[in-house]
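Heads up, the thing below is written out as structure tokens.
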Number of protein chains: 2
Amino acid sequence: MDARDLLPMCEITQRSGFAASAIRYYEAEGLIEAHRSGGGQRRFERSVLRRLAFIRAASNVGLTIEEIRDELGRLPGNRTPTKADWQRISRHWGRRLDEQIAALQRLKGGLDGCIGCGCLSLRSCAFSNPGDVHGEDGAGARLLPDSLRRPHPTRRGAGRRGSAS
Amino acid sequence: MDARDLLPMCEITQRSGFAASAIRYYEAEGLIEAHRSGGGQRRFERSVLRRLAFIRAASNVGLTIEEIRDELGRLPGNRTPTKADWQRISRHWGRRLDEQIAALQRLKGGLDGCIGCGCLSLRSCAFSNPGDVHGEDGAGARLLPDSLRRPHPTRRGAGRRGSAS
DNA sequence: CCTTGAACTCAAGTTCACTTCAACTTGAAC
DNA sequence: GTTCAAGTTGAAGTGAACTTGAGTTCAAGG
């Protein structure tokens with residue numbers, strides 16, 4: 001690859017919308033790669049822009065950095081996603097989004113059922129107790145799946161929401 | 001109020017499902033109040049359980065502690081929510097949930113539209129760029145509202161997801 | 001050569017909603 | 001009177017995903 005095909009940091013930040021610090025962070029985390037100029041400055045292949053678009057999309061779906069790294073790493077040859085990869089992955093994300101939507105709808109349904117009852121009971125009101133905390137882990141659809149429960153800092157939990165840095 | 005009507009910490013933790021540390025945190029944050037025993041231990045009025053149920057429900061909808069404090073504070077007389085309060089509030093939350101659902105559906109729609117295109121363009125692909133970052137703040141529905149965008153740590157952003165402590 | 005702005009590194013800071021820890025004290029039962 | 005679970009405090013830690021800051025260097029133009 002010709003050195004003239006490599007992009008400097010300013011180009012990447014402008015075209016991806018990510019801050020330089022975020023780009024450096026992603027490189028440190030192994031999500032993207034960079035070449036170096038003679039003086040030690042980063043020079044990026046054009047394909048990095050595509051990976052960054054992928055990262056943004058993934059993070060909008062709520063994937064964590066680690067999950068994104070896995071997802072990128074599962075691509076055969078660790079390459080930038082092709083059209084076929086993207087189709088497979090987006091089906092996967094679609095399911096995830098479907099789950100999140102269904103969960104919010106269950107919560108909404110519980111809320112609608114509660115309007116008028118005014119109970120807000122810790123034991124029986126599904127809205128204030130979507131996990132049925134006191135129910136000894138009973139069966140039945142839970143109102144909120146883990147992906148939408150509060151990702152508890154110390155116990156392991158799932159992701160955040162999408163970015164628009 | 002008779003001292004025999006006041007509940008000790010263990011009762012509150014068992015019946016609310018919150019950890020003692022969380023209860024203390026909520027008190028420090030001004031979401032709930034506590035009396036003290038002669039020796040300095042917390043003694044709670046029964047109504048605190050109701051406030052805690054409210055807190056759990058609110059946090060499941062994605063409100064932050066600050067928003068919950070505001071919401072509780074807006075109650076006339078700063079009292080525990082009554083049935084009527086709850087109806088008003090739950091309509092408000094219903095709208096919020098509707099927004100979140102609609103946002104996820106837009107994102108899902110964008111994803112469906114993208115399956116097969118394989119573009120993932122930083123400029124035009126709505127999925128990888130739901131905020132239209134390069135669009136000079138153009139009009140039109142945004143795929144993700146602020147409540148679902150990644151709440152950026154340092155810049156001010158909106159909430160987290162629901163809890164099941 | 002000088003200036004200017006972009007880039008570099010590395011450590012430390014940020015936010016949120018709590019938890020954990022250490023070192024004590026209370027309160028109720030026996 | 002002894003025991004021991006339950007409770008207290010304040011400070012510090014947690015995790016994710018970056019940002020900020022300090023101090024230094026690079027690259028390009030004039």
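Heavy atoms only: backbone and side chains are in, while hydrogens, waters and symmetry mates are out. Numbers restart at 1 for each chain; the letters A, B, ... are given by sequence-line order, proteins then strands. Given the structure is predicted, the values throughout are model-derived calculations rather than measurements.
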Footprint string (nucleotides 21-30 of chain C, 5' to 3'): B base within contact, S backbone only, - free, heavy atoms under 4.0 Å: -----BS---
Nucleotide nearest A/Arg42 (side chain, heavy atoms from C-beta), chosen from D/dA17, C/dT9, D/dT8: C/dT9
Among C/dA17, C/dT20, C/dC8, the one nearest B/Ile65 by side-chain distance: C/dA17
Consecutive Watson-Crick or G-U pairs in runs of at least 3, all under 3.5 Å, in which DNA chain C is involved: C:1-30 with D:1-30
Nearest 0.5 Å please: distance from the [atom1] atom of [X] over to the [atom2] atom of [Y].
X: B/Ile12; Y: B/Glu45; atom1: CD1; atom2: CD; value: 10.5 Å
X: B/Arg24; Y: B/Ile32; atom1: CZ; atom2: CD1; value: 11.0 Å
X: B/Ile101; Y: A/Gln105; atom1: CD1; atom2: CD; value: 5.0 Å

Rounded to whole angstroms, how far apart are [atom1] on [X] and [atom2] on [N]?
X: B/Leu31; N: C/dA17; atom1: CG; atom2: C1'; answer: 11 Å
X: A/Arg69; N: D/dA16; atom1: CZ; atom2: P; answer: 10 Å
X: A/Glu27; N: C/dC10; atom1: CD; atom2: P; answer: 12 Å
X: B/Glu66; N: C/dA17; atom1: CD; atom2: P; answer: 9 Å
X: B/Gln14; N: D/dA5; atom1: CD; atom2: P; answer: 15 Å
X: A/Ile68; N: D/dA17; atom1: CD1; atom2: C1'; answer: 10 Å
X: B/Leu52; N: C/dA17; atom1: CG; atom2: P; answer: 16 Å
X: A/Ile32; N: D/dC18; atom1: CD1; atom2: P; answer: 11 Å

Basic-acidic side-chain contact under 4.0 Å: B/Glu11, B/Arg15: yes
B/Arg74 and B/Glu71 ion-paired at < 4.0 Å: yes
5′-ward residue of the pair B/Pro8/A/Ala22 relative to DNA chain D: B/Pro8
Upstream residue (5' side of DNA chain D) when A/Tyr25 and B/Arg36 are each assigned their closest nucleotide: B/Arg36
Geometric class of the B/Phe18/B/Tyr26 ring pair [parallel <30°, tilted 30-60°, perpendicular >60°]: perpendicular
Counterpart residues, side chain to side chain contact (heavy atoms under 4.5 Å, CB included), relative to A/Arg69 (two or more places apart): A/Glu29, A/Leu31, A/Glu66
B/Tyr26 vs C/dA17: side-chain N/O to OP1/OP2 distance below 4.0 Å: no
Donor-acceptor contact below 3.5 Å, side chain A/Arg56 vs main chain A/Ser16: yes
Verdict with supporting geometry, B/Thr64 and B/Ile68, side chain to side chain contact (heavy atoms under 4.5 Å, CB included): CA-CA 6 Å; B/Thr64 64; B/Ile68 296 172; over 6 Å; no
